[in-house]
**Q** 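For reference, the structure I am asking about is given below.
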Amino acid sequence: IRIAGIRGIQGVVRKTVNDELRATIWEPQHMDKIVPSLLFNMHKIEDIDSRIGPPSSPTGGEKEENPALLAENCFRELLGRATYGNMNNAVRPVFAHLDHHRLWDPNEFAVSCFKIIMYSIQAQYSHHVIQEILGHLDVRKRDSPRVRAGIIQVLLEAVAIAAKGSIGPTVLEVFNTLLKHLRISVDFELGDRRSSAGSATFSTSSKESDERIVQNAIIQTIGFFGSNLPDYQRSEIMMFIMGKVPVLGMTSQSLDTSHLGDLGTRRIQIMLLRSLLMVTSGYKATTITNALPPPFLDPLLSPSLMEDSELRQLVLEILHNLIDRHDNRAKLRGIRIIPDVSDLKIKRDKISRQDVSFMKKHGQQLYRHIYLGCKEEDNVQKNFELLFTSLALTTIELANEEVVIDLIRLAIALQDVAIINEDNLPMFNRCGVMALVAAYLNFLSQMIAVPAFCQHVSKVIETRSLEASYFLPETIFKDKCNLPKSLEKHEKDLFFLTNKIAESLGGSGYSVERLSVPYVPQVTDEDRLSRRKSIVDTVSIQVDILPGNSTEDKIDNTEEITFEALKKAIDNNGLEEQEKEKRRLVIEKFQKAPFEEIAAQCETKANLLHDRLAQILELTIRPPPSPSGTMTITAGHAHYQSVPVYEMKFPDLCVY
């Protein structure tokens, strides 16, 4: 009887192509009867089938006699005839059927239904189905975690199919909805934890683990969807997700976590960074500027200043995904002294002009975050491993001769951090930093292949292996390692020496003058976003000392308002905007440019000014027998009496 009914529905569907019924068959009152009846037969399993196990591939005759297969074929045919205007009417009854029969948990049938839908409809209508799933997820947001997880897994399957074709305008909507439900899930998890404080019951822990299932399903969907997008869309999604990460002190488009507290905010940060890690996996940008544009780099590095080792690990892993364009990271896994780097078969290309420009603008920013990341007290072995990989990948992908010198300065500065210990780091951290420097300089010396440099590094490592093996990664990161009581009494033979390195590199044509300048990290406004209260907010200081902020410069605003006055005010506003932009550029330059570059520019300008003044004085001063008078000059708190004033050829120009 059911087979006969299905054949009747199939006949009606086929008749809609060239019949007047075509306009009415798609109306909701008809679809609400046709679709559930087909789904019921697709889900109905005969007792005899369940007893004999999985059936063999049916023949043509068996297909005609099997209600489930016949209903599925009819359902596919119905969806294949759906058009733009009636697509939603055919899909919505599916949600009602799955809700009514509680088929979201477990969700095997729901997944198979939507696979059939996605493969049967025309590709350009895929985004309609995704929008319907997102809308249903919003409707069922108060349901049990397993129901929501079932809907999200269905969305994952639909997105996996749609990502190969046209997703249309729903890309950001998918991510926005998923991130919203991620926040809701964390809110539910923390709410249950707070309500059951003091009474650890099994049901509460079970519900918390169910919420983790929801969160993992969301992250998996975000990552899978993002990694299947084309590069130009993926970079937009990376920016979008990064903009949602809540950072202390920043007011942006991030998810609202004000009511979640510190624990909830941390959970959201970790979830979003895990999502971003999945999206960036496999991303290969032609230039590093495309992978790390400034609007993305600055907020990405901000969490690396936070006092949470897991957050810092995620940031470093994301950086590795974006910097590593030749899949070298797997070869560098684990921090160790590599005997022969050539055995790793490192792949690399010549450094492009765009990458050189990127390092000039943002290299100091990367060095600074590696430097500060090494000084964290809660660092564990994984942190040191990721920091080593960061230095090695920077060397492979972005290092020219100038960057190599900067990286050596950074390594020597880290060695000084461990020896001097101004931050009162635990002994394990100090030895870990020493081991990191040894592993990296061993790698760097072999990459640039300067024999004298390699010899110095090898000699220090050999001495350490005999006298202080806890300065090497193979020893310090073992479970049981005897730590020294202090580092002050160690001989210089155990340390990498700047003068030895400069001597070895200078003989190979490197410009080693900057090696004598100790590396000092820049202080920027990013420190305001972290929990480091000891670092000064330089932006506010610089703004305070800029001209135009003193109270003496305030003008009387009571003048008469006329057309000329308004025109003048508009012109002045334009000039003020230009001045503000100039000031901003100057501040940014002094924050991000290397110290040596700023010093060189200032010296050049001073020399030019000195030469120009000498020319002016030579041309314009008419040497009188005696000065034409004297005057008092006040500069700050100093007073200079009887300064001679000489007459000039130009009446409006005086030189004091």
Side-chain angles (χ1 to χ4, degrees), residues 288 320 323-360 363 366-367 370 384-385 387-415 434-465 471-474 492-517 519 594 596:
I288 196 66
H320 298 169
I323 294 176
D324 183 20
R325 291 169 288 177
H326 296 88
D327 298 320
N328 290 312
R329 183 172 38 161
K331 304 169 186 176
L332 301 167
R333 188 164 290 130
I335 180 171
R336 63 196 188 281
I337 303 296
I338 303 172
D340 190 352
V341 172
S342 61
D343 291 342
L344 300 180
K345 293 180 171 57
I346 300 289
K347 298 177 184 177
R348 64 186 306 192
D349 292 329
K350 185 179 179 182
I351 310 301
S352 67
R353 187 180 300 175
Q354 293 90 336
D355 291 348
V356 171
S357 176
F358 174 86
M359 288 305 289
K360 283 186 177 179
L366 291 175
Y367 307 149
I370 292 173
F384 288 111
E385 290 177 352
L387 288 164
F388 167 73
T389 306
S390 300
L391 288 165
L393 288 175
T394 303
T395 305
I396 295 168
E397 298 285 351
L398 301 169
N400 57 7
E401 289 189 6
E402 185 178 343
V403 174
V404 166
I405 296 297
D406 284 335
L407 289 169
I408 293 173
R409 290 174 60 217
L410 173 61
I412 297 300
L414 289 173
Q415 179 178 259
M434 296 290 280
L436 168 65
V437 172
Y440 174 63
L441 288 181
N442 171 69
F443 176 82
L444 176 64
S445 63
Q446 295 185 56
M447 286 297 292
I448 64 176
V450 175
F453 185 27
C454 293
Q455 186 177 359
H456 172 64
V457 172
S458 300
K459 186 176 180 181
V460 172
I461 291 173
E462 185 179 349
T463 307
R464 287 185 179 186
S465 64
F471 285 166
L472 298 176
E474 288 81 359
K492 285 188 177 181
D493 293 343
L494 297 174
F495 304 137
F496 301 99
L497 303 177
T498 305
N499 58 343
K500 294 277 189 183
I501 296 173
E503 183 181 337
S504 61
L505 293 179
S508 298
Y510 280 81
S511 178
V512 295
E513 291 81 9
R514 290 188 301 121
L515 277 179
S516 59
V517 181
Y519 171 78
E596 296 80 5

**Q** When you look at CZ of R333, are more than 12 heavy atoms from neighbouring residues, nucleotides or ligands closer to it than 6.0 Å?
**A**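 It does not: R333 CZ has 12 such atoms or fewer within range.
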**Q** Any idea which heavy atoms bring L497 and K492 closest together, and the distance?
**A**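 Smallest heavy-atom distance, with atoms named: CD2-O, 4.2 Å.
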**Q** Is it true that a side-chain atom of K331 and a backbone atom of K345 form a donor plus acceptor pair closer than 3.5 Å?
**A**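 Such a contact is found between K331 side chain and K345 backbone.
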**Q** In terms of relative ring orientation, are F388 and F443 parallel, tilted or perpendicular, with 30° and 60° separating the classes?
**A**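 Perpendicular.
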**Q** Start with the C-alpha distance between F496 and V457, add both sets of side-chain angles, then the distance that settles side-chain contact (heavy atoms from CB on, under 4.5 Å), and finish with yes or no.
**A** CA-CA 7 Å; F496 301 99; V457 172; 3.9 Å; yes
**Q** Looking only at heavy atoms, which two atoms of D324 and R329 are closest? And how far apart?
**A**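 Closest approach of D324 to R329: OD2-N, 3.0 Å.
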**Q** Quick check for you: to the nearest 0.5 Å, what is the distance between Q415 atom CD and L436 atom CG?
**A**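 Q415 CD to L436 CG: 11.5 Å, rounded to 0.5 Å.
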**Q** Check L387 against I370 and note the closest heavy-atom contact, atom names and distance.
**A**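 Of all heavy-atom pairs spanning L387 and I370, the closest is CD2-O, 4.1 Å.
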**Q** How close do I335 and A439 get, counting heavy atoms only, and between which atoms?
**A**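 Scanning both residues, the minimum pair turns out to be CG1-CB, 3.9 Å.
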**Q** Nearest 0.5 Å, please: how far is CD1 in I337 from OG in S465?
**A**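 So the gap between those two atoms works out to 9.5 Å.
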**Q** So which heavy atom on V450 is nearest to which on S508, and how close?
**A**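 So the minimum-distance heavy-atom pair works out to CG1-OG, 3.2 Å.
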**Q** Just by distance, no angles: are the side chains of N499 and E503 close enough, under 3.5 Å, to form a donor-acceptor pair?
**A**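 On atom types as modelled, these side chains do not qualify, holding no pair under 3.5 Å.
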**Q** Please report the interatomic distance OG1(T389) to CG(L332), rounded to the nearest 0.5 Å.
**A**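 Rounded to the nearest 0.5 Å, the OG1-CG separation comes to 6.0 Å.
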**Q** With a 4.0 Å cut-off, would you call K459 and D493 a salt bridge?
**A**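 D493 and K459: not salt-bridged.
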**Q** Under the side-chain contact (heavy atoms from CB on, under 4.5 Å) criterion, do D349 and H326 qualify, and how do the steps go?
**A** CA-CA 9 Å; D349 292 329; H326 296 88; 2.7 Å; yes
**Q** With no hydrogens and no angle check, is any side-chain donor or acceptor of E402 less than 3.5 Å from a backbone partner on M359?
**A**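 Between the backbone of M359 and the side chain of E402 there is no qualifying donor-acceptor contact (under 3.5 Å).
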**Q** Without swapping roles, check the side chain of S504 against the backbone of K500 for a donor-acceptor pair under 3.5 Å.
**A**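 Checked: pair present.
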**Q** Would you check if the side chain of N442 reaches a backbone N or O of I338 as a donor-acceptor pair within less than 3.5 Å?
**A**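 It does hold such a pair.
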**Q** Is it the case that the side chains of Y440 and T395 hold a donor-acceptor pair, with the cut-off being a distance below 3.5 Å and no angle test?
**A**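 Result is yes, a qualifying pair exists.
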**Q** Can you tell me how far apart CD1 (I323) and CD1 (I396) are? Round to the nearest 0.5 Å.
**A**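 Atom-to-atom, I323:CD1 and I396:CD1 are 10.5 Å apart.
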**Q** So L515 and Y510, do their side chains get closer than 4.5 Å, heavy atoms only?
**A**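 The answer is no, as the side chains (C-beta and beyond) never meet within the 4.5 Å cut-off.
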**Q** Can you spot which of K350, K360, R325 makes a side chain to side chain donor-acceptor pair (under 3.5 Å) with D355?
**A**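 With D355 as partner, side chain to side chain donor-acceptor pair (under 3.5 Å) holds for just one option, R325.
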**Q** Is the shortest side-chain heavy-atom distance between Y367 and L407 below 4.5 Å?
**A**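 Yes, their side chains come closer than 4.5 Å.
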**Q** If I take atom CE from residue M434 and atom CG from residue L472, how far apart are they, to the nearest 0.5 angstrom?
**A**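 These two atoms lie 9.5 Å from each other.
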**Q** Between atom CD1 of I346 and atom CD of Q446, what is the distance when rounded to the nearest 0.5 Å?
**A**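 Atom-to-atom, I346:CD1 and Q446:CD are 10.5 Å apart.
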**Q** For the pair N328 and E397, evaluate side-chain contact (heavy atoms from CB on, under 4.5 Å) and give the outcome as yes or no after the intermediate values.
**A** CA-CA 10 Å; N328 290 312; E397 298 285 351; 4.2 Å; yes
**Q** If you compare all heavy atoms of R336 against all heavy atoms of P473, which two are closest, and at what distance to 0.1 Å?
**A**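 That would be CA-CG, 3.8 Å.
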**Q** Would you indicate whether Q455, at its atom CD, is surrounded by more than 12 heavy atoms from other residues, nucleotides or ligands within a distance under 6.0 Å?
**A**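 Result for CD/Q455: open.
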**Q** Taking the side chain as every heavy atom from C-beta outward, state whether V403 and L398 have any atom pair closer than 4.5 Å.
**A**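 Not touching, per the 4.5 Å side-chain cut-off.
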**Q** Can you confirm whether V460 sits close enough to L441 that some side-chain heavy atom of one is under 4.5 Å from a side-chain heavy atom of the other?
**A**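 Not in contact.
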